[in-house]
Asks: 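Okay, here's the structure, questions in a sec.
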Amino acid sequence: MSEHQEERDYDEFRVIEDLAGWRRTHHNNELTAANMDETVCLMGWVQFRRDHGGLIFLDLRDREGLTQVVFNPEDNAEVHERAHAIRPEYVIAIKGRVRPRPEGMANKNMVTGEVEIEVDEYKLLNTSDTPPFPIEDRVEVGENLRLKYRFLDLRRPSLAKNFIIRNKAAQSVRRYLDSLGFLEVETPVLTKSTPEGARDFLVPSRVNPGEFYALPQSPQLFKQMLMVSGMDRYFQIVKCFRDEDLRADRQPEFTQIDIEMSFIDEALIQDMAETMIKTLFRETIEVELPAEFPRMTFGDAMRDYGVDKPDLRFDLKLTEVTDIFADSGFKVFASSEMVKVMRVPDGASLSRKEIDEYTKFVEIYGSKGLAWIKIKEDGTWQSPIVKFFSEDEVAKLGERTGVQPGDILFFQAGPAVIANAALGNLRCSLAERLGLIEEGVFKPVWITDFPLLEYDVEEKRYVARHHPFTSAQPEQMATLASDPGNALARAYDMVINGHEVGGGSIRIHTPEQQKIMFAALGIDEEEAREKFGFLMDALKFGAPPHGGIAFGLDRLIMILTASKSIRDVIAFPKTQKATCLMTQAPSAVPGKQLRDLSIRLREKKKED
RNA sequence: GGAGCCGUAGUUAAGCUGGUUAUAACGCCGGCCUGUCACGCCGGAGGCCGCGAGUUCGAGUCUCGUCGGCUCCGCCA
């Protein structure tokens, strides 16, 4: 008998077996004391192995959860011997008896923690290489590795959970809309390029050399066609494609819950959409949203929050003070298009270093600086700028902001666009850093009365803020041609916690009004006919009044799952450079494929 | 198009003002272990410091470039 045994090769125990008729009886989150003494068959992946030499414990994992299984040499020596070879992520099937864990050995952290499975029979269904990263939630893994091995990343419980919720959400929406008589109708993915809006993804046509389809940015015009067709109520959970730069909440392909209804007005659509979202929250994460969502005009949102998608979970507000400083001796303020201030209660404790960081933060939005006033506990104002203010200005400022000792005021002066963006985003950043946002709180709000058009400086014309098929409000339809800048749209966005989750409008449904709209956008009749001829035709043949809304499903799931990135709610997402690290898409294609499509690649210029 | 952060064993990180053989934890491999549950104990293997130039007697460390990931601005009807 040698003191040290020879090193062992376990490969003889790693023979892969066939299921041979075995049937799984339960998922790994199901078994509790209620199943005591049942004979069960479980299958899944090995999460952890705790090999005591004698007893071997395995945590068996599937989509739903974990169950502890025990190999005991006294129960079945041959099975126990083979179990030494099991490693993490091996796929196994076991048959055994459900039994209680010994006194005091229950694991309260596991749903199945009261029981364990005493293994009688065991099959190795597949082995696994050691995974490139552990399949666990508590380990933070680099995004590049996660995306390359996405199929392993998706095994992690926290990510798998997101897709269970996503499925519940999609089913909830389908049930709800079906119950109201909506028809799910599919629309083309190979369609026509839409000139307004985002960049299109193009698909070359082999049979029509030199011509291209575009992938839809949304099924907007098709759903309007379906209303003209008399479909009455349409919906679709549908992929949309926009070739723009990515963000934490933006992917080049994303999913919309697309909805359109005939014979309706804003209130009907909003009621329907509100109930849908309330039902969705209830049926996915068991949260009751407010019975009625508050409404806020675009103008009020910009005035009080600086953005058109206010986060109402905390109540910091902006105050405009342009008028107070109109004739001020402080020329920076007096000469600015807009002077706005945000009062932060108890903000006087912020350090110079922190204020410097916020100054850098607002510079991102084009701000030239961040002026501030601290109100000390004795009521005196501490600030690099207050010495330039008159007594009257100080008094008015105090009165309008309602400032209290211990507060800080942050100022932005400059173009309205920059002042609003800087303070509006600073507001959210501050709330997060100061811990003003309570977890698990959801604050929905409707934003209404958007401007119909926006002036595009680069194109030197008005462009549609929503899209060119949005109706103006009745009072402004008549003046649209003469006063396009002041027209309000029959459009509405749903915002939850500062995220725009949905938006829609009442559409134009007569050719006359559509012509006025195109004219306001600088689209002449010839161009309109070429690009939107089918729409103009359709509107001539008895288009009913109609309108709709579209929700970003991915963003909704982000909110439901508290995900920081849209990638965590999309099974196979793309990187910020719009590549897929798993498939290596996009990639070069063989020359023959290009020739079939009548495409020749341009030589890369040296200066490129 | 632009700004910022990051890139060191399989993974997550440390590595100071440039200085001997690049650390740790987890994981991996082997041994021991019958109540563990992120088991424990003993031993072992494992590195193109993203890549390329440059500065220097000497670069993981400094500079420039480049590739990749992330966050943001522009863009996203």
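Convention: sequence-line order gives letters A, B, ...; per-chain numbering from 1. Atoms considered below: every heavy atom in the structure, side chains included; atoms not considered: hydrogens, waters and symmetry mates.
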Asks: At less than 4.0 Å, is any side-chain N or O atom of A:R50 found next to OP1 or OP2 of B:rU36? Yes or no.
Replies: no
Asks: Looking only at atom P, what distance separates B:rC62 and B:rG15, rounded to whole Å?
Replies: 12 Å
Asks: State, without any angle test, whether A:T297 and A:D449 hold a side-chain donor-acceptor pair at a distance under 3.5 Å.
Replies: no
Asks: When you check the gap from the basic side-chain N to the acidic O, do A:D308 and A:R465 get nearer than 4.0 Å?
Replies: yes
Asks: I'd like the C1' distance from B:rA24 over to B:rC67, given in whole Å.
Replies: 29 Å
Asks: Specify the residues of residues 451-463 of chain A, ordered by number, for which at least one heavy atom lies under 4.0 angstrom from an atom of RNA chain B.
Replies: none
Asks: What residues, two or more places apart in sequence or in another chain, satisfy ring pair (Phe, Tyr, Trp, His ring centres under 6.0 Å) together with A:H84?
Replies: A:H80
Asks: Tell me if the side-chain of A:R99 makes a donor-acceptor pair with the base of B:rG35, cut-off 3.5 Å, by modelled atom types.
Replies: yes
Asks: For A:F133, what residues pass the ring pair (Phe, Tyr, Trp, His ring centres under 6.0 Å) criterion, not counting sequence neighbours?
Replies: none
Asks: Under the salt bridge (charged side-chain N to carboxylate O under 4.0 Å, His left out) definition, can you give me all pairs with a residue in residues 485-498 of chain A, not counting sequence neighbours?
Replies: A:E266-A:R490
Asks: Within less than 4.0 Å of OP1 or OP2 of B:rC73, is there a side-chain N or O belonging to A:R247?
Replies: yes
Asks: Is the base of B:rC75 touched by the side chain of A:R250 through a donor-acceptor pair closer than 3.5 angstrom?
Replies: yes
Asks: Tell me every residue that passes ring pair (Phe, Tyr, Trp, His ring centres under 6.0 Å) with A:F298, counting only those two or more places apart in sequence or in another chain.
Replies: A:F450
Asks: Restricting to ring pair (Phe, Tyr, Trp, His ring centres under 6.0 Å), what partner residues turn up for A:F551, sequence neighbours left out?
Replies: none
Asks: Hey, does the Lys NZ or Arg CZ of A:R87 hover above the aromatic six-ring of A:Y10, less than 6.0 Å from the centre and inside 45° of the axis?
Replies: yes
Asks: Can you check the distance between B:rC76 and B:rC5, where both ends of the measurement are the P atom (answer in whole Å)?
Replies: 28 Å
Asks: Categorize A:S505 for me: base, sugar-phosphate, or nothing, with a 4.0 angstrom heavy-atom threshold over every strand shown.
Replies: nothing
Asks: Suppose we screen for side-chain hydrogen bond (donor to acceptor under 3.5 Å, both in side chains). Which residues come up paired with A:Y492, at least two apart in sequence or across chains?
Replies: none
Asks: Could you tell me whether A:D59 contacts a base, only the sugar-phosphate backbone, or nothing, with contacts defined as non-hydrogen atoms closer than 4.0 Å?
Replies: sugar-phosphate
Asks: Applying side-chain hydrogen bond (donor to acceptor under 3.5 Å, both in side chains), name anything that partners A:E253, two or more places apart in sequence or on another chain.
Replies: A:K239, A:K574
Asks: For the C1' atoms, the ones on B:rG58 and on B:rG18, what distance do you get once it is rounded to whole angstrom?
Replies: 8 Å
Asks: Is A:F48 touching bases, backbone alone, or none of the nucleic acid, heavy atoms closer than 4.0 Å?
Replies: sugar-phosphate
Asks: Write down the protein N/O and nucleotide N/O pairs, taken from nucleotides 2-4 of chain B, whose separation is under 3.5 Å; answer none if there are no such pairs.
Replies:
none

Asks: Output all residues satisfying side-chain hydrogen bond (donor to acceptor under 3.5 Å, both in side chains) with A:N486, sequence neighbours left out; order by chain, then residue number.
Replies: A:D483
Asks: Is there any protein nitrogen or oxygen under 3.5 Å from a nitrogen or oxygen in nucleotides 7-11 of chain B, and what are the pairs?
Replies:
residue	atom	partner	partner atom	Å
B:rG10	O2'	A:P132	O	2.8

Asks: Using the C1' atom in both, what is the distance from B:rA38 to B:rU21, to the nearest Å?
Replies: 33 Å
Asks: Pairs under 3.5 angstrom only: tabulate donor-acceptor contacts from the side chains of residues 414-422 of chain A to other protein residues two or more places apart or in another chain.
Replies:
residue	atom	partner	partner atom	Å
A:N420	OD1	A:K340	NZ	2.5
A:N420	ND2	A:A416	O	3.4

Asks: When we call it a touch if two heavy atoms are under 4.0 Å apart, what does A:R87 touch: a base, just sugar-phosphate, or nothing?
Replies: sugar-phosphate
Asks: With C1' as the reference atom in both, quote the distance from B:rC39 to B:rC32 in angstrom, rounded to an integer.
Replies: 14 Å
Asks: Categorize A:R242 for me: base, sugar-phosphate, or nothing, with a 4.0 angstrom heavy-atom threshold over every strand shown.
Replies: base
Asks: Let's test your reading of the model: under 3.5 Å, does the base of B:rA38 pair with the side chain of A:R138 as donor and acceptor?
Replies: yes
Asks: For nucleotides B:rC37 and B:rC26, find the distance between their P atoms and express it as a whole number of Å.
Replies: 15 Å
Asks: How is A:D243 classified with respect to the nucleic acid when contacts are heavy atoms under 4.0 Å: base, sugar-phosphate, or nothing?
Replies: nothing
Asks: According to a cutoff of under 5.5 Å between the ring centres and under 30° between the ring planes, does A:H52 stack with the base of B:rU36?
Replies: no
Asks: What's the gap between B:rG4 and B:rC16 when it is taken at their P atoms, as a whole Å value?
Replies: 23 Å
